Q: 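Pasting a structure below so you can have a look.
In what follows, every chain begins at residue 1, and chains take the letters A, B, ... in the order their sequences are listed. No experiment lies behind these values; they were computed from the predicted model shown.
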Amino acid sequence: MENNEQNLSEILQIRRDKLAELQQMNKNPFDITKYEQTHSSKQILDGFDDLEGKRVSVAGRLMSKRGMGKVGFCDMQDNEGKIQLFVKKDLLGDDEYALFKKYDIGDIVGAEGVVFRTQTGQVSVKVDKITMLSKSLLPLPEKFHGMTDTDLRYRQRYIDLIMNADVKDTFVKRSQIISAIRAYLNGLGFLEVETPMLVSNAGGAAARPFETHFNALDENFKLRISLELYLKRLIVGGMDRVYEIGRVFRNEGLDTRHNPEFTLMELYQAYTDYHGMMELTENLYRHLAQTVLGTTKIVYNGIEMDLGKPFERITMVEAVKKYSGVDFNGIHTLDEARKAADEHKVEYEERHKKGDILNLFFEKYVEEHLIQPTFVMDHPVEISPLTKKKPDNPEYVERFEFFMNGWEMANAYSELNDPIDQRERFKAQEEQLAQGDEEANTTDEDFMRALEIGMPPTGGIGFGIDRMCMLLTDSPAIRDVLLFPTMKPLDK
RNA sequence: GACUCAUUAGCUCAGUCGGCAGAGCACCUGACUUUUAAUCAGGGUGUCCGGAGUUCGAAUCUCCGAUGGGUCACCA
């Protein structure tokens, strides 16, 4: 609040006056440094049979007050949930009870008393000592409707978390999902590593980077758009199983499924290929759903997806044939591809080659149909600059994208380890860049040196962690799984 | 970036045809010793998102701007 004291509206001034009153009585809540909690709300509710009649101390935020005669009830919310406090004048004494009556919803309190059940059956704490531990100067949203304005919820997430238990639950689940991924991969002998976010060449994905400046070196840097090129350097260095879970940044649009900074998990495993990555993906997803949700059948927006069954596998060419009727096995030249695109209203640009057009067909006709877990395999080489070609057909590569709910959930390949081929692929990317593809990669010379030292055959995969959390928590927007999503600043 | 809808009290929302700014919750005063969105009596606490215009008069109509939601475009 920027308002000075004189400008505060009455509703705000009253709370400040109450605080001043406490301070004058030498009961400044902000002087208190700690409070001992013997039990959480949940422990008392779950363990009532053992705790009935026993003395406990609890602490949390006052969420509601009722029945203010010589006896009062309040709901106190702590980290685990809510517990009702029963506060009686006889037990507290006249002076303390008078102070308690001035407590506001939102204040943080500590209470001591005996666990019991009220006449209506509600497990409660019969309070004989209550202390204000922090005064709330701003009123919370109304108790019944809570806070629903999405703008306010995202900007003031602290209020959202107080008012909406399901929001807190979503973020608890997100934390559990990431913990479960770490535990699973660590159990397979993977090593978690951290690689630079500030880079001079942002490669490994097709995206426009954010740019910044490092004063000490007077150099322009970019924020990373993927983790790939550094993790592969580690494979070269003999770290055979590595992964990183970290933030990447892409200077692109923002909608219900995209935030400019998001969490990517990339993993590289030496001596395996994309088939190994498919097996790992299938096992990992199944494990996560079972661990976090307790079932392999997840429901997103009313649609059930079964992670328990073997995931479907289809090549990109087969998928395009299935959903658009166009068979790229019979298309051999760019002219033929363009003709097919024209006939099927697929828009393409001058720089697009045959493989790009196949991908455009895929995006237009196939993606939305891939609801159940599906591996789409064998992409065209033109859109896969870091991937090994298929031994029997150099127009395609050993790559798959994992789809669920029509969304791309993961992207994996048999990593290209032939440095001569890799240099040609970078060169082709630079030609695309020259022709106006702002998302094309450029040659990373240090990465090239690493490949020339020699990288074992390797399988690699990247997962979008935020989308994974959306699916597993049935969240409609990516902003619902980000504690503080990117928002346009209000202050100028 | 385009289109579209929204913005009124701390929160959730009404506000008719352009004519004194409204309700519920919260809050204040009082009553009430087992309440559950407690109840009863009284009290409205406001930059109607910001600016300009039309008008005797604008929360309401017009234009410009801000922020957000949705859809599309780009992407994961």
Side-chain angles (χ1 to χ4, degrees), chain A residues 1 3 7-15 17-18 62-75 82 84-92 97 101-106 116-124 126 136-156 159-160 162-163 204-208 225-226 248-266 347 363 367 401-404 406-411 437-439 462-468 470 476-479 485 487-492:
Chain A
M1 278 280 125
N3 311 40
N7 286 341
L8 290 175
S9 70
E10 188 186 341
I11 201 164
L12 303 181
Q13 187 60 52
I14 286 165
R15 290 190 177 217
D17 292 344
K18 285 179 178 176
L62 282 186
M63 295 302 290
S64 69
K65 294 170 80 183
R66 294 178 295 278
M68 304 308 295
K70 293 183 180 62
V71 61
F73 300 86
C74 14
D75 294 324
K82 286 181 187 172
Q84 178 169 275
L85 303 181
F86 173 63
V87 185
K88 205 165 146 185
K89 194 173 186 176
D90 298 347
L91 291 171
L92 223 55
Y97 193 78
K101 285 186 80 167
K102 292 194 174 183
Y103 282 13
D104 286 310
I105 289 171
F116 80 118
R117 204 189 277 278
T118 62
Q119 283 181 3
T120 51
Q122 174 109 23
V123 174
S124 306
K126 190 180 285 182
S136 169
L137 295 180
L138 289 175
L140 286 172
E142 179 234 338
K143 63 188 169 193
F144 189 57
H145 297 92
M147 179 182 266
T148 58
D149 186 295
T150 49
D151 184 27
L152 289 176
R153 284 184 44 225
Y154 298 145
R155 287 182 195 275
Q156 303 175 17
I159 298 178
D160 193 27
I162 292 168
M163 300 306 296
R208 293 165 65 181
I225 58 173
S226 85
V248 299
F249 308 85
R250 298 190 182 175
N251 207 339
E252 287 160 353
L254 173 148
D255 61 31
T256 51
R257 292 202 303 284
H258 300 87
N259 197 67
E261 51 177 310
F262 65 102
T263 300
L264 195 58
M265 193 275 279
E266 285 193 33
E347 291 180 23
E363 287 173 359
E367 278 191 0
E401 288 177 297
F402 173 50
F403 279 84
M404 275 179 76
W407 301 344
E408 184 193 334
M409 301 299 295
N411 184 17
D437 181 356
E438 291 176 311
E439 296 171 348
F463 291 94
I465 297 296
D466 309 286
R467 283 193 184 171
M468 184 189 273
M470 287 172 70
I478 192 169
R479 292 179 149 192
M487 303 293 283
K488 200 157 178 173
L490 291 176
D491 301 327
K492 284 287 171 296

Q: Could you tell me whether A/R208 contacts a base, only the sugar-phosphate backbone, or nothing, with contacts defined as non-hydrogen atoms closer than 4.0 Å?
A: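 Contact class for A/R208: none.
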Q: Check for a donor-acceptor pair, side chain of A/K65 on one end and backbone N or O of A/Y103 on the other, with a separation under 3.5 Å.
A: yes
Q: Could you please name the option among B/rA76, B/rG10, B/rU67 that lies closest to any side-chain atom of A/D151?
A: B/rU67
Q: Look at all strands and tell whether A/F463 reaches a base, only sugar-phosphate, or nothing, counting heavy atoms closer than 4.0 Å.
A: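 Counting heavy atoms under 4.0 Å across all strands, no contact is made by A/F463.
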Q: Can you tell me how far P of B/rU47 sits from CG of A/L12, to the nearest Å?
A: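 Rounded to the whole Å, the gap is 11 Å.
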Q: Under 4.0 Å between a side-chain N or O of A/K143 and OP1 or OP2 of B/rA37?
A: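 Checking A/K143 against B/rA37: no side-chain N or O falls below 4.0 Å of OP1 or OP2.
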Q: At under 4.0 Å between heavy atoms, what does A/G462 touch on the DNA or RNA strands: base, sugar-phosphate, or nothing?
A: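 Since no nucleic acid heavy atom lies under 4.0 Å of A/G462, the category is nothing.
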Q: A side-chain contact here means heavy atoms from C-beta on lying under 4.5 Å apart; do A/E408 and A/F403 qualify?
A: yes
Q: In whole Å, what is the span from the CG atom of A/D160 to the P atom of B/rG69?
A: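 So the two atoms are 13 Å apart, to the nearest Å.
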Q: If you measure from the Lys or Arg side-chain nitrogens to the Asp or Glu carboxylate oxygens, is any gap between A/D75 and A/R66 under 4.0 Å?
A: yes
Q: Classify the nucleic acid contact of A/T256 as base, sugar-phosphate or nothing, counting any heavy atom under 4.0 Å across all strands shown.
A: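 Sugar-phosphate, backbone atoms only, no base.
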Q: Under 4.0 angstrom, heavy atoms only, what part of the nucleic acid is A/N259 near: base, sugar-phosphate, or nothing?
A: base
Q: As a test of reading the structure: which of B/rU12, B/rA38, B/rU34 is closest to the side chain of A/H145, going by heavy atoms?
A: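 Looking only at heavy atoms from C-beta outward on A/H145, the closest nucleotide is B/rU12.
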Q: Ignoring hydrogens and geometry, is there a side-chain-to-backbone donor-acceptor pair from A/K143 to A/S64 under 3.5 Å?
A: no
Q: With a 4.0 Å cut-off on heavy atoms, is A/M487 in touch with a base, just the backbone sugar-phosphate, or nothing at all?
A: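 Contact class for A/M487: sugar-phosphate only.
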Q: Quick one: look up who B/rC40 pairs with, Watson-Crick or G-U, both distances under 3.5 Å, and put none if it's unpaired.
A: B/rG30
Q: Answer with yes or no whether A/T118 presents, from its side chain, a donor or acceptor under 3.5 Å of a partner atom in the base of B/rU35.
A: yes
Q: On a plain distance test, is the side chain of A/E142 in donor-acceptor contact with the base of B/rG10 below 3.5 Å?
A: no
Q: Please work out if A/K18 contacts a base, only the sugar-phosphate, or nothing of the nucleic acid, heavy-atom cut-off 4.0 Å.
A: sugar-phosphate
Q: Could you identify the nucleotide paired to B/rA52, looking across every strand shown and requiring Watson-Crick or G-U wobble geometry with both distances under 3.5 Å?
A: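 Partner of B/rA52: B/rU62.
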Q: With sequence neighbours excluded, what pairs up with A/R155 under the side-chain contact (heavy atoms from CB on, under 4.5 Å) test?
A: A/D151, A/M487, A/L490
Q: From C-beta outward on A/I14, which listed nucleotide comes closest to its side chain: B/rC74, B/rG68, B/rC27?
A: B/rC27
Q: With sequence neighbours excluded, what pairs up with A/Y154 under the ring-ring contact (aromatic ring centres under 6.0 Å, His included) test?
A: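 With neighbours one apart ignored, the set is empty.
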Q: With sugar-phosphate meaning primed atoms plus P, OP1 and OP2, does A/Q84 contact a base, only sugar-phosphate, or nothing at under 4.0 Å between heavy atoms?
A: base
Q: Between A/K126 and A/Y154, name the one whose nearest nucleotide on RNA chain B is closer to the 5' end.
A: A/K126
Q: Both A/M147 and A/L254 contact RNA chain B. Which one's nearest nucleotide lies toward the 5' end?
A: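 So the residue in question is A/M147.
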Q: Can you tell me the Watson-Crick or wobble partner of B/rG22, both distances under 3.5 angstrom?
A: B/rC13
Q: Checking A/E363 now: which residues fulfil salt bridge (Lys or Arg N to Asp or Glu O under 4.0 Å) with it, not counting sequence neighbours?
A: none
Q: Taking a pair as Watson-Crick or G-U wobble with both distances under 3.5 Å, which nucleotide is matched to B/rU35?
A: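 B/rU35 is paired with nothing.
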Q: List for me each residue that meets side-chain contact (heavy atoms from CB on, under 4.5 Å) alongside A/Q156, sequence neighbours excluded, and say none if there are none.
A: A/M147, A/L152, A/Y158, A/I159
Q: Determine which nucleotide pairs with B/rG68, using a 3.5 Å limit on both distances of a Watson-Crick or G-U wobble pair.
A: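 Looking at the geometry, B/rG68 pairs with B/rC5.
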Q: Nearest of B/rG70, B/rG68, B/rU33 to any side-chain atom of A/D90?
A: B/rU33
Q: Between the protein and nucleotides 29-31 of chain B, list the N/O to N/O atom pairs that are separated by less than 3.5 angstrom.
A:
none

Q: Side chain of A/D104 only, heavy atoms from C-beta on: which candidate in B/rC27, B/rA38, B/rA73 is closest?
A: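 For the A/D104 side chain, the nearest candidate turns out to be B/rC27.
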Q: Within this structure, what is the CG-to-P distance between A/L152 and B/rA6, rounded to whole angstrom?
A: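 It works out to 18 Å between those atoms.
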Q: Rounding to a whole Å, what distance do you find between A/K65:NZ and B/rC28:C1'?
A: 12 Å
Q: Pick base, sugar-phosphate or nothing for A/D149, based on heavy-atom distances below 4.0 Å to the nucleic acid.
A: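 Touches sugar-phosphate only.
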Q: As a test of reading the structure: which of B/rG68, B/rU34, B/rC27 is closest to the side chain of A/K488, going by heavy atoms?
A: B/rG68
Q: Remember a base hit wins even if backbone is also touched, and classify A/E408 as base, sugar-phosphate or nothing at under 4.0 Å, heavy atoms.
A: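 Here A/E408 touches the backbone only, sparing every base.
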Q: Could you check which of B/rC74, B/rC13, B/rU67 has an atom nearest any side-chain atom of A/E252?
A: B/rC74
Q: Which distance, rounded to the nearest 0.5 Å, do you find between the CH2 of A/W407 and the CD of A/E367?
A: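 Taking CH2 in A/W407 and CD in A/E367, the distance rounds to 12.5 Å.
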Q: Look at the side-chain N and O atoms of A/R66 and state whether any lies under 4.0 Å from the OP1 or OP2 oxygen of B/rU35.
A: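 Checking B/rU35 against A/R66, no side-chain N or O comes under 4.0 Å of OP1 or OP2.
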Q: Look at the side-chain N and O atoms of A/T150 and state whether any lies under 4.0 Å from the OP1 or OP2 oxygen of B/rG69.
A: no
Q: Would you mind classifying the nucleic acid contact of A/G69 as base, sugar-phosphate or nothing, using non-hydrogen atoms under 4.0 angstrom?
A: base
Q: Quick one: side-chain hydrogen bond (donor to acceptor under 3.5 Å, both in side chains) partners of A/S136, sequence neighbours excluded?
A: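 Applying side-chain hydrogen bond (donor to acceptor under 3.5 Å, both in side chains) to A/S136 gives A/R15.
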Q: Let me know the distance between CE of A/M409 and C1' of B/rA76, rounded to the nearest Å.
A: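 Distance check: A/M409 CE to B/rA76 C1' gives 10 Å.
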